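Owing to the predicted nature of the structure, the values given are computational and were not obtained by experimental measurement. Position 1 is the first residue of the sequence; numbering continues from there.
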Amino acid sequence: MLRSLSLLPALLVVAALGAGCQSMKDMADMSPGAPAKPVDGVLVGPGGMTLYTFDGDPADARMSVCNGPCAANWPPLRATPEAKGGGDWSVVSRDGGGRQWAYKGRPLYYWSKDQTTADRTGDGFNGAWHLARP
């Protein structure tokens with residue numbers, strides 16, 4: 001019995017490491033300084049809010065097509081003027097001269113109806129909006 005109890009701390013460490021493997025893998029897929037990070041299988045912005053992609057944006061977009069009223073509902077993940085892409089990350093142009101982050105060529109957006117970091121209410125909206133996945 002005593003020998004079994006002495007293995008308990010080691011088993012707990014192994015279980016904890018195994019539980020964190022997916023999030024560790026997700027983080028390994030992201031470059032340092034990335035504008036978003038994976039949480040529970042989706043990309044989230046710096047404030048922890050869920051990010052989405054839009055089917056209307058062409059593959060490897062150079063410019064976002066969601067502007068005006070669209071951008072009021074689907075605010076872009078903005079990039080600073082000096083932001084540089086790298087790896088899976090790129091910066092695309094917006095109407096009016098703004099810039100926006102894209103992941104694997106897909107511009108990233110928030111959904112104005114999401115209220116908390118756990119919300120994912122924009123997924124599937126009009127059949128054209130989808131969770132951004134790493």
Quiz item: Between Pro75 and Ser112, what is the shortest heavy-atom contact and its length?
Solution: CD-N, 4.2 Å
Exercise. Might you point out which heavy atoms bring Gly122 and Trp111 nearest each other, and give the distance in Å?
Key: N-CD1, 3.2 Å
Self-check item: From Asn73, Thr53, Asp57, residue fulfilling side chain to side chain donor-acceptor pair (under 3.5 Å) relative to Tyr109
Solution: Asp57
Quiz item: Sequence neighbours excluded, which residues qualify as side-chain contact (heavy atoms from CB on, under 4.5 Å) partners of Pro46?
Solution: Leu77, Tyr110
Exercise. If a pair satisfies side chain to side chain donor-acceptor pair (under 3.5 Å) and one of its residues is in residues 122-134, list it, with sequence neighbours excluded.
Key: Asp55-His130
Self-check item: Residue pair Arg120, Leu131: steps toward the side chain to side chain contact (heavy atoms under 4.5 Å, CB included) verdict
Solution: CA-CA 8 Å; Arg120 296 179 176 182; Leu131 294 169; 3.9 Å; yes
Exercise. Report yes if some heavy atom in the side chain of Val44 is under 4.5 Å from a heavy atom in the side chain of Lys37; otherwise report no.
Key: yes
Self-check item: Pair Trp89 and Tyr103, ring centroids less than 6.0 Å apart
Solution: yes
Quiz item: Which atom names give the shortest non-hydrogen contact between Thr50 and Asp119, and what distance separates them?
Solution: OG1-O, 2.7 Å
Quiz item: Do the non-hydrogen side-chain atoms of Asp95 and Met63 ever get within less than 4.5 Å of each other?
Solution: yes
Exercise. Decide yes or no for Pro76 and Arg94: does some side-chain heavy atom of the first lie under 4.5 Å from some side-chain heavy atom of the second?
Key: yes
Practice problem: Can you see which heavy atom on Gly41 is nearest to which on Pro134, and at what distance? | Solution: O-CD, 3.4 Å
Exercise. Output, in order, the C-alpha distance, side-chain angles, deciding distance and verdict of side chain to side chain contact (heavy atoms under 4.5 Å, CB included) for Arg62 and Val92.
Key: CA-CA 5 Å; Arg62 297 210 187 281; Val92 298; 5.5 Å; no
